[in-house]
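One structure is given here, and the rest of the page talks about it.
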Amino acid sequence: MTDLTTLLEVGGPLAALGGGAAYTRAKYPAVYWSAVGGPISTARLLSSYSSVMEACGLTVAPSRLRVLAVKATTRREVRPVPPRRGIIRPTSTGLRIRLRLAPGQEPADVAASAERLRHAWGVHAVYVTTVKPGVVELRLVGYDVLRRVRMPRKTDAGFLKVPVALREDATPFVRDYRTVPHQLTLGATLSGKSMYLRHLITGLAPQAVALVGIDCKRGVELAPFAARLSALATDPDEAAELLPVLVKEMEDRYDLIKARQGIAPDTPDEEITSDIWGLPESERPTPVVLFVDEVAELFLTATRKDEERRDEMVTQLIRLAQLGRAAGLYLEVCGQRFGAELGKGATMLRAQLTGRVCHRVNDEASAKMALGDIAPEAVSAACAIAPELPGLAVAGDTSGGWSRIRTPYLSLGDAAEICRESAHLVPDLPALKPFRPAIPVRPVETPDPAALPHPATD
């Protein structure tokens, strides 16, 4: 009886401790990693580094001088030499460690063993990046950071740079319009595409940028941000009037560049290699970001007149995609599908969109439309996105690189409030004033008389 009582006294706290750790790991993975997972993985790495590297084939034969020194000083067996390890730096999501590769090794050798290293050290994932020739960095991620997204406190934000999502290696995914001027974002209904668009708009709202929207769903996606938009078209007819104005604005900016740099007025726009960023800040036009939601609506036609309008709009979009970057005009094209079946010019327009983001789609063909021409191996990753993970996407660009990202939650009300607070930053562009959306007036809430305090009476 005494032994049973002692066992219960000891086992009760241990069971409670184990249950608390399991609960913390499920509900608060960052706290669990900092308190338990991080120290355990660090101990595993330190104790098994040499043996793990040897098992992964990442060791090399020691130099002749090292062999002679070991034999002269000790009687130990001369073992292969692993890459030289740097200081282990813990983070809130994992560990970071730099390795100096041995002669004859390359970063691809370490990347090929990332899955083995993950299991050996008990972490969620291992990512390898090249720091400089001969040096790579291992980023060990302790848990699934995309399950509950928390953006890092320090991000590479700046002018025309928006940290919009989190990568699976716990680094922020930054939408940089100076580097990737135009982008195509695809996603089925309830895939998180609208959430991605909200983060882009709210990230650009506090900046000196003109925001223009084309939302053929009667403006239900972009109308809540009307306070910060310089122009908004809510149907194909309005879009057909707005796009020529943007093209004319682009041409006027090219004329400004020609006049400033002494280029002949009759020089074709295609031969001008400079851009507005070479102009003095006092003369530099305001950058313009054009958001096109449900781009397929611009391609759909019912009559021959609609076909003529469609051809004109597609031509103008292609011109903006080809020549807009130098004039400070950037495109953000969104839709559920985007391919050759939309009609003439669709494939040509897609080829001009450097960045690609593919959320959950309904078929493999849609994923191939977004990623098949730049990163074929990313198509399978896009098709594997589950419906219960809205906001999860695969991002790639024409360099062939790709990664999984997820956008954090942002309510529509909060996004609209950010745009209202930034309404005073709407730039003065006379050409876009006829398309400025009407800003709805928020109703004044009158207090309930029954809820007001009443004076005390005798």
Side-chain angles (χ1 to χ4, degrees), residues 38 41-42 44-70 78-121 123-142 145 152 154-158 161 163 166-176 178-181 354-356 371 374-378 381 394-405:
S41 295
T42 302
R44 286 179 178 176
L45 193 154
L46 293 174
S47 61
S48 64
Y49 177 76
S50 299
S51 59
V52 168
M53 288 293 165
E54 185 175 0
C56 293
L58 297 177
T59 56
V60 296
S63 63
R64 186 174 300 177
L65 181 61
R66 184 184 182 92
V67 172
L68 294 176
V70 171
V78 181
R79 303 183 63 85
V81 180
R84 187 180 303 173
R85 173 176 54 82
I87 300 175
I88 300 176
R89 290 172 291 175
T91 65
S92 60
T93 58
L95 304 172
R96 296 172 64 182
I97 178 175
R98 290 191 177 185
L99 305 181
R100 180 172 293 278
L101 301 179
Q105 292 181 331
E106 61 176 353
D109 298 334
V110 183
S113 302
E115 190 67 14
R116 297 182 180 182
L117 299 178
R118 177 179 83 88
H119 289 285
W121 295 331
V123 294
H124 177 74
V126 176
Y127 300 94
V128 182
T129 57
T130 302
V131 179
K132 60 182 180 180
V135 178
V136 298
E137 182 178 72
L138 299 185
R139 181 181 292 272
L140 282 65
V141 180
V145 296
K154 295 183 179 180
T155 57
D156 187 19
K161 291 183 178 181
L166 187 69
R167 297 180 187 268
E168 58 185 345
D169 62 352
T171 59
F173 174 74
V174 180
R175 176 73 174 94
D176 188 353
R178 296 286 300 274
T179 304
V180 182
T354 306
R356 308 289 175 83
L371 303 168
I374 61 170
E377 63 276 6
V394 176
D397 53 47
T398 51
S399 66
W402 64 276
S403 62
R404 294 200 312 160
I405 64 172

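Values below: every heavy atom of this structure, side chains too, minus hydrogens, waters and symmetry copies.
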Does T171 reach the main-chain N or O of R167 with its side chain, forming a donor-acceptor pair under 3.5 Å?
no
Of all heavy-atom pairs linking V128 and P107, the shortest is CG1-O, 4.4 Å
Sub-3.5 Å donor-acceptor pair from the side chain of E137 to the main-chain atoms of R96, do we have one?
no
Hey, does the side chain of S47 reach the backbone of R44 with a donor-acceptor pair shorter than 3.5 angstrom?
yes
Using 0.5 Å steps for rounding, measure from the CZ atom of R100 to the NZ atom of K132.
5.5 Å
Testing the basics here: between I374 and G396, what is the closest heavy-atom pair and its distance to 0.1 Å?
CD1-C, 3.9 Å
d(E377 CD, W402 CH2) to nearest 0.5 Å is 7.0 Å
Value rounded to 0.5 Å, distance of OG in S403 from CG in D169:
7.0 Å
How far does CG of L95 sit from CG of L45, to the nearest 0.5 angstrom?
7.0 Å
Rounded distance (nearest 0.5 Å) linking atom CZ of R178 with atom NZ of K161
9.0 Å
Mark yes or no for whether R175, through its side chain, and V180, through its backbone, hold a donor-acceptor pair below 3.5 Å.
yes
Heavy-atom side-chain contact between W121 and L138 under 4.5 Å:
yes
